Q: 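The structure is given below, and queries will be raised subsequently.
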Number of protein chains: 2
Amino acid sequence: MSPRNTELSRPDLVERALEIADAEGMTAVTVRRLAKEFGVTPMALYWHFANKDELLAAMGDSFYDSVALPADGAWDERLRAVTAALVTTLRRHPGAAHLALARVLSCDEGLDLSEATFAMLRAEGFSVIETADIARTALQTAASLVTQEAGAEVEHGSDKRDEVIEAKRKALAALPVERYPNVLECMECLTDTADEDEYYRFGVDLFVDGVRALHDRVRAESRA
Amino acid sequence: MSPRNTELSRPDLVERALEIADAEGMTAVTVRRLAKEFGVTPMALYWHFANKDELLAAMGDSFYDSVALPADGAWDERLRAVTAALVTTLRRHPGAAHLALARVLSCDEGLDLSEATFAMLRAEGFSVIETADIARTALQTAASLVTQEAGAEVEHGSDKRDEVIEAKRKALAALPVERYPNVLECMECLTDTADEDEYYRFGVDLFVDGVRALHDRVRAESRA
DNA sequence: ACCTGAACACCGTTCAAGT
DNA sequence: ACCTGAACACCGTTCAAGT
């Protein structure tokens with residue numbers, strides 16, 4: 001596409017791949033397409049990545065570069081803070097956000113984040129099993145919120161998103177009112193997120209509240 | 001592969017596709033592969049499905065055929081029951097479970113389930129936005145639990161799963177103890193789910209407890 | 001109604017070769 | 001050290017044709 005005006009590099013390739021994912025969906029992220037973007041033959045990428053999986057892994061890893069781990073405050077506030085921080089990074093590239101899930105325990109930055117979160121939860125009295133589950137759920141919650149946001153429709157790129165959403169809305173609107181009164185009542189919220197900040201706050205709260213309830217049970221049992 | 005001993009049909013194709021997904025991962029589910037399984041040319045499938053997306057949609061829809069919607073009990077017990085019921089169906093085909101997410105509001109059975117769940121939440125005083133978010137989270141929670149279960153490694157088929165998990169365990173075990181003491185302590189839980197029932201109970205509880213906490217807040221505010 | 005044959009525009013990946 | 005050319009075994013999908 002564009003003529004070679006710059007050398008290839010892993011970070012540049014990853015960045016461009018993330019942009020393509022957001023613009024046209026992950027299906028558009030192919031070795032050949034990426035090569036074309038850099039004005040280079042497909043096989044050139046194999047010098048920088050062993051294979052496509054390694055490219056996807058690098059894309060996943062990239063999210064953990066910019067996650068600030070909070071050190072102060074009560075444990076539940078810190079848990080909320082990591083979850084919110086994860087949401088923030090993943091939101092930068094919704095189309096590729098799910099790639100982060102498989103990489104938490106497979107890159108240094110992800111491991112650092114995990115270690116800090118684990119330490120916090122263990123110190124608060126959670127068992128190893130609970131700790132693993134809670135930390136996994138925190139990441140999963142962040143990824144789900146970003147990926148499943150109504151109106152995000154992350155599997156299609158930002159190019160075709162509007163028509164996909166419009167089609168979905170039309171399909172819902174055509175539903176029989178007698179049978180699906182509540183679905184129709186919720187139609188707006190199901191196809192569009194009116195207040196994004198509120199949406200993410202709600203989702204993170206739901207998770208943290210659940211953990212807090214569990215925490216209270218754990219404390220109650222240990223006192224008994 | 002096998003010679004044509006039976007006619008092609010949508011349900012048979014879907015069933016076989018789900019089996020392939022579990023055995024070898026979703027990447028193995030291709031039009032050509034599926035055709036080969038039925039001893040038929042790839043284009044034969046295009047009589048039964050408009051395209052591959054429609055096949056994937058039908059796979060996703062299939063999960064909602066067997067979800068029992070509970071009618072009695074307290075609202076939180078019913079919410080727990082739907083979530084658990086979702087877990088149960090999705091667990092039948094972990095490799096394809098994520099396909100159910102995009103289809104809740106796009107097939108009759110999914111819509112029926114949604115309508116019943118929405119009605120229950122609305123009757124309990126949740127707003128339309130809260131209702132939509134909670135219902136979405138219930139499904140997402142179920143899917144995540146199934147997909148992210150330690151030792152499930154759903155993206156690789158059941159054939160290569162063991163070596164992938166072994167590799168992951170080895171990588172974690174090689175980590176420096178000074179830097180990752182808590183990760184190492186949790187290693188077992190991160191690579192294997194010791195008690196599956198407990199794992200799912202924990203995950204569903206975490207979600208329902210979160211909703212209950214929210215519910216209490218809603219009630220407290222409406223009284224004020 | 002249901003399936004095939006041939007063809008097209010894509011994939012990821014190899015390997016030897018160029019500079 | 002970094003990239004190319006040619007080739008291979010795959011994809012999904014079309015369209016006209018067979019029965």
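It should be emphasised that the depicted structure is a prediction, and the values quoted were computed from it without experimental measurement. In what follows, chains carry the letters A, B, and so on, assigned in the order in which the sequence lines appear, proteins first and then strands, with residues in each chain numbered from 1. Side chains are part of it too, since the values below use all heavy atoms of this structure and drop only hydrogens, waters and symmetry mates.
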Q: Roughly, in whole Å, what's the span from CG in B:Leu34 to C1' in D:dC11?
A: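 Whole-Å distance recorded here is 14 Å.
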Q: How many whole angstroms separate atom CG of A:Leu45 from atom C1' of D:dA1?
A: 16 Å
Q: Sequence neighbours excluded, which residues qualify as ring pair (Phe, Tyr, Trp, His ring centres under 6.0 Å) partners of B:Phe126?
A: B:Trp75, B:His215
Q: In whole angstrom, what separates A:Trp47's CH2 from C:dT13's C1'?
A: 17 Å
Q: A:Tyr46: what forms a ring pair (Phe, Tyr, Trp, His ring centres under 6.0 Å) with it, not counting sequence neighbours?
A: none
Q: In whole Å, I'd like the distance from the CG atom of B:Asp12 to the P atom of C:dC3.
A: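 Those two atoms, CG and P, are 11 Å apart.
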Q: To the nearest Å, give me how far apart CZ (B:Arg32) and C1' (C:dA6) are.
A: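 Rounding to the nearest Å, CZ of B:Arg32 and C1' of C:dA6 are 11 Å apart.
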Q: What is the separation between atom CE on B:Met43 and atom C1' on D:dC11, rounded to the nearest whole Å?
A: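 Going from CE in B:Met43 over to C1' in D:dC11 covers 14 Å.
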Q: Without decimals, in angstroms, what is the distance between B:Glu24 CD and D:dC10 P?
A: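 It is 13 Å, rounded to the nearest whole Å.
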Q: Quick one: list whatever passes side-chain hydrogen bond (donor to acceptor under 3.5 Å, both in side chains) with B:Glu198, sequence neighbours left out.
A: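 B:Glu198: no side-chain hydrogen bond (donor to acceptor under 3.5 Å, both in side chains) contacts found.
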Q: Pick the nucleotide of DNA chain C nearest each of B:Pro42 and A:Val29; which residue has the one closer to the 5' end?
A: B:Pro42
Q: Between A:Arg122 and B:Glu185, does at least one N-O distance fall below 4.0 Å, as a salt bridge requires?
A: yes
Q: Identify which one of A:Leu8, A:Val14, A:Leu13 satisfies the side-chain contact (heavy atoms from CB on, under 4.5 Å) criterion when paired with A:Leu34.
A: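 That would be A:Leu13; it is the only one of A:Leu8, A:Val14, A:Leu13 passing the side-chain contact (heavy atoms from CB on, under 4.5 Å) with A:Leu34.
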Q: Between B:Asp22 and B:Arg92 (salt bridge meaning N to carboxylate O under 4.0 Å), is one present in this structure?
A: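 No, this pair does not count.
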Q: Enumerate, atom names and distances included, each donor-acceptor pair closer than 3.5 Å involving a side-chain atom of residues 154-168 of chain A, sequence neighbours excluded.
A:
{"unit_1": "A:Ser158", "atom_1": "OG", "unit_2": "A:Ala23", "atom_2": "O", "d": "3.4"}
{"unit_1": "A:Arg161", "atom_1": "NE", "unit_2": "A:Ala152", "atom_2": "O", "d": "3.1"}
{"unit_1": "A:Arg161", "atom_1": "NH1", "unit_2": "A:Ala152", "atom_2": "O", "d": "3.1"}

Q: What is the distance from CE of B:Met26 to P of D:dC11, rounded to the nearest Å?
A: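 For the pair B:Met26 CE and D:dC11 P, the rounded distance is 14 Å.
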Q: Which nucleotide wins on minimum distance to the side chain of B:Thr41, given the candidates D:dC3, C:dC3, C:dG12?
A: C:dC3
Q: Does B:Leu111 form a side chain to side chain contact (heavy atoms under 4.5 Å, CB included) with A:Leu172? I'd like the steps, not just the answer.
A: CA-CA 10 Å; B:Leu111 280 166; A:Leu172 287 180; 4.3 Å; yes
Q: Based on Watson-Crick and G-U pairs with both distances under 3.5 Å, what dot-bracket line describes DNA chain D 5' to 3', crossing pairs as [ ] and inter-strand pairs as |?
A: ||.|||||...|||||.||
Q: Name the closest nucleotide to the A:Tyr46 side chain, picking from C:dC11, C:dT13, D:dT4.
A: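 Closest of the options to the side chain of A:Tyr46: C:dT13.
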Q: Within the 3.5 Å criterion, strictly below it, is a donor on B:Tyr64 or B:Asp112 matched to an acceptor on the partner's side chain?
A: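 No, no side-chain donor-acceptor contact under 3.5 Å.
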Q: Scan residues 48-61 of chain B against DNA chain D and write down, sorted by residue number, each residue with any heavy atom closer than 4.0 Å; if none is found, say none.
A: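 Under 4.0 Å from DNA chain D: B:Asn51, B:Lys52.
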